[in-house]
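Both backbone and side-chain heavy atoms feed into the values below; hydrogens, waters and symmetry mates do not. Every value quoted in this text rests on a predicted model; they were computed, and no experiment measured them. Counting starts at 1 for both ligands and their atoms, in listed order.
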Amino acid sequence: MQKTAFITGATSGFGRACALRLAQAGWNLILTGRRQERLDDLQQELGSQCQVVTWKLDVRDAEAVQACINNLAPPFDEIDLLLNNAGLALGTEPAQTCDPQDWKQMIDTNILGLTNVTHALLPKLIHKGPGASIINLGSIAGRWPYPGGNVYCGTKAFVEQFSYALRCDLSGTGVRVSNLAPGLSESEFTLVRTVGDKAAYDQLYQGSDPIQPEDIAETVFWLASLPPRLNVNQLELMPVSQAWSPFSIHRN
Ligand code: NDP
Ligand code: 8X3
């Protein structure tokens, strides 16, 4: 029986790589994001491998999210996987000098956007029952703070705790919930965060052999393909090059 995935933020990075990986395995795909031309390109690229429907969607718009889900027609109305991937970091400034509008956009996208999509899709996931999965893109930033991480770290801590609490509420439904928490990964994420600063992008990844979107896609495919009796609550990934540092101590 063919499976169906609903992916937010399919136009780039992890979401796009997951679409490619699931298409390779013959999954039906509902691909969403704000950039229509990229969705069109994906549909063109994957349409011969699997059934694809695309939907221009800003996850911050709860009504649009609900309308998208209400409009899903067979075979896209039976969902096996919700990949809550859409998200972003904006800025690397300390809290005292950063732009509060950036904070708002991160909260609206990473927290409210993720809850909008989750709430709207829960009835379909519960209807599907055992084997259905929600995979939320958390981050090491949700657990390990760093200077300039402020609200981004906070949003990803929310994603982790929301994932666990959701599991409690979904107990008995068979629906699984995982918090997938990657570390340093190469994608447009860093260009978004630095407003297109290619030098900062190059400096961050240079010589570090970071996680690639394909690594995340393979992990997502594995999680979604596990026996229905298994729930991976939390999965933290880092490139081998990344590790913890000692606490900083400010001395007068
Ligand atoms: P990208 O910037 O490559 O992709 C982000 C995706 O999110 C894009 O497809 C973008 O699509 C979508 N998106 C952003 N805002 C919205 C919105 N308001 N509504 C709908 N879609 C939106 O980054 P990554 O692939 O690296 O990141 C994916 C997820 O993984 C994020 O949640 C990120 O926080 C998390 N993550 C990233 C890490 C990294 O180092 N790269 C590490 C750990 C976690 P569009 O612009 O078309 O709307
Ligand atoms: C992205 C990873 O360490 O840049 O979530 O915050 S990090």
Side-chain angles (χ1 to χ4, degrees), residues 6-21 30-42 54-62 64-65 68 83-92 102 104-117 135-160 162-163 178-196 200-201 203-205 208 210-217 219-220 234-239 241-245:
F6 188 106
I7 302 180
T8 67
T11 53
S12 171
F14 299 168
R16 185 178 190 284
C18 289
L20 266 56
R21 180 66 185 89
I30 303 147
L31 304 179
T32 69
R34 293 168 301 174
R35 285 171 287 182
Q36 182 71 58
E37 67 287 359
R38 291 206 182 188
L39 292 172
D40 293 344
D41 290 349
L42 263 177
T54 63
W55 200 280
K56 184 176 175 192
L57 186 65
D58 187 326
V59 293
R60 293 171 293 178
D61 184 341
V65 167
C68 164
L83 182 62
N84 267 323
N85 165 75
L88 78 177
L90 294 171
T92 53
D102 287 346
K104 177 170 169 22
Q105 188 173 347
M106 287 188 276
I107 292 167
D108 287 352
T109 308
N110 301 358
I111 297 181
L112 292 174
L114 183 139
T115 56
N116 287 338
V117 180
I135 300 177
N136 292 328
L137 258 299
S139 167
I140 60 163
R143 199 166 261 214
W144 313 109
Y146 57 86
N150 45 69
V151 163
Y152 180 69
C153 292
T155 65
K156 293 302 181 179
F158 170 88
V159 173
E160 178 175 348
F162 179 65
S163 302
S178 300
N179 180 53
L180 177 56
L184 184 72
S185 310
E186 186 169 7
S187 74
E188 287 175 23
F189 175 87
T190 299
L191 290 176
V192 172
R193 183 170 211 169
T194 60
V195 200
Y201 177 100
Q203 193 186 8
L204 179 66
Y205 297 123
S208 69
I211 294 172
Q212 295 298 314
E214 295 71 29
D215 303 326
I216 300 300
T219 307
V220 164
Q234 155 84 359
L235 185 53
E236 186 176 278
L237 302 172
M238 286 185 188
S241 62
Q242 188 172 36
W244 301 269
S245 304

From [X] atom [atom1] to [Y] atom [atom2], the distance as rounded to the nearest 0.5 Å:
| X | Y | atom1 | atom2 | answer |
| --- | --- | --- | --- | --- |
| Leu184 | Tyr205 | CG | OH | 6.0 Å |
| Leu114 | Asn84 | CG | CG | 3.5 Å |
| Thr92 | Tyr146 | OG1 | OH | 9.0 Å |

Quick check: closest heavy atoms across [X] and [Y], and the distance to 0.1 Å?
| X | Y | answer |
| --- | --- | --- |
| Leu237 | Ile211 | O-CD1, 3.7 Å |
| Asn116 | Val59 | ND2-O, 2.8 Å |
| Gly13 | Ser187 | CA-CB, 4.1 Å |
| Leu88 | Phe189 | C-CE1, 4.3 Å |
| Val65 | Val117 | CG1-CA, 3.8 Å |
| Lys156 | Ser139 | CG-CB, 3.6 Å |

Contacting atoms of ligand 1, where contact means under 4.0 angstrom from a heavy atom of [X]:
| X | result |
| --- | --- |
| Gly138 | 43 (C), 44 (C) |
| Ser12 | 1 (P), 3 (O), 4 (O), 8 (C), 9 (O) |
| Ser187 | 3 (O), 23 (O), 24 (P), 26 (O), 41 (N) |
| Gly13 | 3 (O), 25 (O) |
| Pro182 | 42 (C), 43 (C), 44 (C) |
| Ser139 | 43 (C), 44 (C) |
| Leu137 | 30 (O) |
| Arg60 | 18 (N) |

Who's the nearest protein heavy-atom neighbour of [atom], and how far?
| atom | answer |
| --- | --- |
| atom 31 (C) of ligand 1 | Asn85 O, 3.2 Å |
| atom 12 (C) of ligand 1 | Gly9 CA, 3.6 Å |
| atom 2 (C) of ligand 2 | Ser139 OG, 3.6 Å |
| atom 46 (O) of ligand 1 | Arg34 NH2, 2.9 Å |
| atom 34 (O) of ligand 1 | Tyr152 OH, 2.7 Å |
| atom 37 (C) of ligand 1 | Phe14 CE1, 3.5 Å |
| atom 42 (C) of ligand 1 | Gly183 O, 3.4 Å |
| atom 19 (N) of ligand 1 | Val59 N, 3.0 Å |
| atom 22 (C) of ligand 1 | Ala86 CB, 3.7 Å |

Proximal ligand 2 atoms for [X], defined as those under 4.0 Å from one of its heavy atoms:
| X | value |
| --- | --- |
| Tyr146 | 3 (O), 4 (O), 6 (O), 7 (S) |
| Ala141 | 6 (O) |
| Tyr152 | 1 (C), 5 (O), 6 (O) |

* To do: Run the contact test for Gln105 against ligand 1 with a 4.0 Å cut-off on heavy atoms, strictly below, and give the result.
  =>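 In this structure, Gln105 fails to qualify as a contact of ligand 1 - no heavy atom is under 4.0 Å.
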* Are any of the heavy atoms in Ala141 under 4.0 Å away from ligand 1? ->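 Under 4.0 Å: no for Ala141.
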Look only at interatomic distance and state if [X] has a nitrogen or oxygen under 3.5 Å from any nitrogen or oxygen of ligand 1.
| X | value |
| --- | --- |
| Tyr205 | no |
| Gly33 | no |
| Leu88 | no |

* **Residues Leu90, Val151; criterion side-chain contact (heavy atoms from CB on, under 4.5 Å); working and verdict** => CA-CA 9 Å; Leu90 294 171; Val151 163; over 6 Å; no
* Asked: Going through the checks in order, is the side-chain contact (heavy atoms from CB on, under 4.5 Å) test met by Tyr152 and Asn110?
  -> CA-CA 8 Å; Tyr152 180 69; Asn110 301 358; 3.7 Å; yes
* Asked: Does Arg16 approach ligand 1 within less than 4.0 angstrom via side chain, backbone, both or neither, non-hydrogen atoms only?
  ->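 Under 4.0 Å from ligand 1, Arg16 contributes no heavy atoms.
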* To do: Run the contact test for Phe189 against ligand 2 with a 4.0 Å cut-off on heavy atoms, strictly below, and give the result.
  =>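 Yes, Phe189 has a heavy atom closer than 4.0 Å to ligand 2.
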* Report yes or no: does a heavy atom of Arg193 sit under 4.0 Å from some atom of ligand 2? =>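 Right, Arg193 reaches ligand 2.
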* Among Val192, Thr155, Val65, Thr11, whose heavy atom sits nearest atom 45 (P) of ligand 1? ->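 Result: the heavy atom closest to atom 45 (P) of ligand 1 is in Thr11.
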* Compare Leu57, Leu184, Ile7 and give the one whose heavy atom is closest to atom 20 (C) of ligand 1. =>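 It is Leu57 whose heavy atom sits nearest to atom 20 (C) of ligand 1.
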* Based purely on interatomic distance, does Gln242 place a nitrogen or oxygen under 3.5 Å from a nitrogen or oxygen of ligand 2? ->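 Not met; the criterion fails.
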Under 3.5 Å, side chain of [X] to main-chain N/O of [Y], donor-acceptor pair present?
| X | Y | value |
| --- | --- | --- |
| Ser185 | Gly183 | yes |
| Arg16 | Thr11 | no |
| Asp58 | Arg60 | yes |
| Thr8 | Asn85 | yes |

* Asked: Can a donor-acceptor pair be found between the side chains of Glu188 and Tyr201 at a distance below 3.5 Å?
  ->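 Side-chain D/A pair, Glu188 to Tyr201: absent.
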* To do: Before giving the answer on side-chain contact (heavy atoms from CB on, under 4.5 Å), spell out for Val220 and Ile216 the whole-Å C-alpha distance, their side-chain angles and the decisive distance to 0.1 Å.
  => CA-CA 6 Å; Val220 164; Ile216 300 300; 4.2 Å; yes
* Under 6.0 Å from the CD atom of Gln234, do we count more than 12 heavy atoms belonging to anything else shown? ->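 Buried by this count: over 12 neighbours within 6.0 Å.
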